[in-house]
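Order of listing sets the numbers, starting from 1, for every ligand and every atom in it.
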Amino acid sequence: MLKQPGSLRNRAFFLRGEKMALLRLAVQKSGRLREGSLTLLRESGINFENGRENLLQITAKNFQLQLLFFRDDDIPSYVTDGIVDAGIVGENVLYETGTHTLLRERLGFAHCRVALAVPKHSQISSLESLSGKRIATSYPEILKSFLCEWEIDARIHIISGSVELTPGIGIADAICDIVSSGSTLMANGLREIGTLIESEASLIISSNLDAEKKALLDKLVFRFKAVKRARTCKYILLNAPIEKVDDIASIIPGLKNPTIMPLAQEGWCSLHSVIQEDEFWEKIEQLREAGAQGILVIPIEKMII
Ligand code: PRT
Ligand code: ZN
C-alpha cells in the first residue's frame with residue numbers, strides 16, 4: 001500500500017518521486033522568542049500548523065523547512081554540532097556561549113541589553129567603583145570578559161534566575177542582567193549604570209550546509225530581510241503644489257526617488273515614497289513646513305529592494 005505523505009513528513013519532502021532536503025530550523029520551545037520567531041516565519045509566507053507548545057517539531061506546508069523546538073540556551077550547540085542547520089536565538093546567548101561567529105542575520109525583534117545595575121541609593125556610581133564588589137548574574141561569561149576588558153576586579157556570583165532580587169537580600173552589591181523596558185529594575189529599586197551588550201533575536205547557521213540547504217537558507221534570509229525592512233518603514237503619500245515638489249522630494253527621497261503623479265487639479269501633484277519609522281514625526285513636520293498637504297501614511301507588508 002502507498003504510504004501517505006503524512007508518515008514521511010518529518011524526514012523529507014517527496015515530490016514526484018524525488019527526495020528533497022528539509023532545512024532544520026531550531027526555535028525556542030517556550031519563552032520570549034517563540035512567538036516572534038513564528039510570526040516572522042508566517043509573515044515570510046511560511047505556513048505550518050498552529051503548533052501546541054508541547055510539540056517538538058513541525059514541518060512547513062509550503063517550504064522545505066522543519067521547525068524543531070528547544071530551550072534557547074541549547075540552540076547554539078545544536079547548530080554547531082549539526083543537529084539542526086540553523087536557529088533563532090538572542091544575541092546575548094551567543095556572546096554567553098562563545099558562538100557569535102554563527103550569526104548570519106539580526107532579525108529585529110526581542111531587543112534588549114545586558115546591563116549592570118545597583119540599588120538606587122548605592123554608593124556605586126561608576127564602573128570603577130565596582131572593584132571589590134559582588135555582582136550577581138546569569139551571564140558570567142559576558143560579565144567576565146567585560147570586567148577583564150575594563151580591568152575591574154569584582155567577584156561574580158552566578159545565579160540562574162531572579163537576579164534582580166539579590167541586592168535586596170544581601171547576596172550581591174550589583175547585578176548584571178537583561179533589561180528591556182527597565183521596569184523590573186525600577187520595581188526592585190535598582191538603577192542601571194552601564195550596558196555590556198545590546199541584543200536582538202538573531203538567525204544563526206551551521207558552517208557545514210550543503211549547496212541545497214544553503215540555497216534554502218538564502219531564500220529564507222531573503223524573505224526575513226523583506227519582512228524586517230517592511231516593519232521599519234512606512235509608505236507615504238501626499239499632495240503638493242508643483243512649485244514645491246523639488247523641496248518635498250528632497251525630504252522623502254525613498255528607495256531611489258519618489259513617484260510623482262499629476263493630480264486632476266491643475267498645479268498640484270501627488271508624491272509617493274517610503275520613510276523610516278524612526279524618522280517619521282521629524283519628516284512629517286518638515287513636509288508640512290515645505291507645503292505638503294493630505295499626508296497619508298500606510299504600513300508596508302513586504303519590501304524587496
Ligand atoms: O526556557 P528557555 O531557556 O528557552 O528561556 P529563557 O527563560 O532562558 O529565556 P526567555 O524566554 O526569558 O528570553 C529569551 C530571550 O529573549 C533572551 O535570551 C533575550 O535575548 C530576549 N529578551 C528580550 C529577554 C527580555 N527581552 C527580557 N526582558 N529576556 C529576558 N528578559 C527578562 C530579564 O531577564 C528580566 O527579568 O525580563 C526582565 C527585564 O525586563 P524589563 O522589560 O522589565 O526590563
Ligand atoms: Zn534560556
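Taking each of Ile88, Val163, Leu33 in turn, the one with a heavy atom nearest to atom 15 (C) of ligand 1 proves to be Leu33. The closest non-hydrogen atom to atom 41 (P) of ligand 1, taken over Ser181, Ala110, Ala187, Ser162, comes from Ser181. In this structure, of Asn92, Val179, Asp177, Asp73, the residue bringing a heavy atom nearest to atom 36 (O) of ligand 1 is Asp177. Of all the listed residues (Glu164, Arg32, Gln28, Met186), Arg32 holds the heavy atom that lies closest to atom 24 (C) of ligand 1.
At the shortest separation from atom 35 (C) of ligand 1 among protein heavy atoms lies Ile178 O, 3.6 Å. Shortest contact from atom 39 (C) of ligand 1 to any protein heavy atom: Thr184 OG1, 3.4 Å. The shortest contact between atom 14 (C) of ligand 1 and any protein heavy atom is with Asp72 OD2, 3.5 Å. Nearest non-hydrogen protein atom to atom 1 (O) of ligand 1 is Arg71 NE, 3.4 Å. Here the protein heavy atom with the shortest distance to atom 22 (N) of ligand 1 is Cys112 SG, 3.7 Å.
With Leu287 as reference, Ile236 is the one residue of Leu271, Ile236, Ile275 to meet the side chain to side chain contact (heavy atoms under 4.5 Å, CB included) rule.
Shortest distance from the Zn ion (ligand 2) to Asp72 is reached at OD1 (N/O/S atoms only). When distances from the Zn ion (ligand 2) to the N, O or S atoms of Asp73 are compared, OD1 comes out shortest.
Annotation: side chain of Cys269 is not in contact with side chain of Asn239 (no heavy-atom distance under 4.5 Å).
Near Gly90, with a cut-off below 4.0 Å to any heavy atom, the atoms of ligand 1 are 20 (O). For ligand 1, the atoms sitting less than 4.0 Å from at least one non-hydrogen atom of Gly31 are 11 (O), numbered in the order shown with element in parentheses.
The backbone N or O of Leu33 sits less than 3.5 Å from a side-chain atom of Gln28, completing a donor-acceptor pair. No donor-acceptor pair closer than 3.5 Å links the side chain of Thr137 to the backbone N or O of Ile158.
Between Glu91 and His100, the side chains place a donor N or O and an acceptor N or O closer than 3.5 Å (distance only, hydrogens not considered).
Salt bridge Arg155/Asp173: absent, no basic N to carboxylate O contact under 4.0 Å. Salt bridge annotation for Lys144-Glu141: present, with a cationic side-chain nitrogen under 4.0 angstrom from a carboxylate oxygen.
The protein does not reach atom 7 (O) of ligand 1 closely, with no heavy atom under 4.0 angstrom from it.
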Pair Ile156, Leu147 - check side chain to side chain contact (heavy atoms under 4.5 Å, CB included), show working. CA-CA 10 Å; Ile156 299 177; Leu147 294 175; 4.0 Å; yes

Run the salt bridge (charged side-chain N to carboxylate O under 4.0 Å, His left out) check on Arg34 and Asp72 step by step: do they pass? CA-CA 9 Å; Arg34 178 185 166 98; Asp72 64 349; over 6 Å; no

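With Phe280 as the aromatic partner, Lys234 does not meet the cation-pi criteria of under 6.0 angstrom to the ring centre and within 45 degrees of the ring axis.
Polar contact with ligand 1: present for Ser180 (N/O pair, distance under 3.5 Å).
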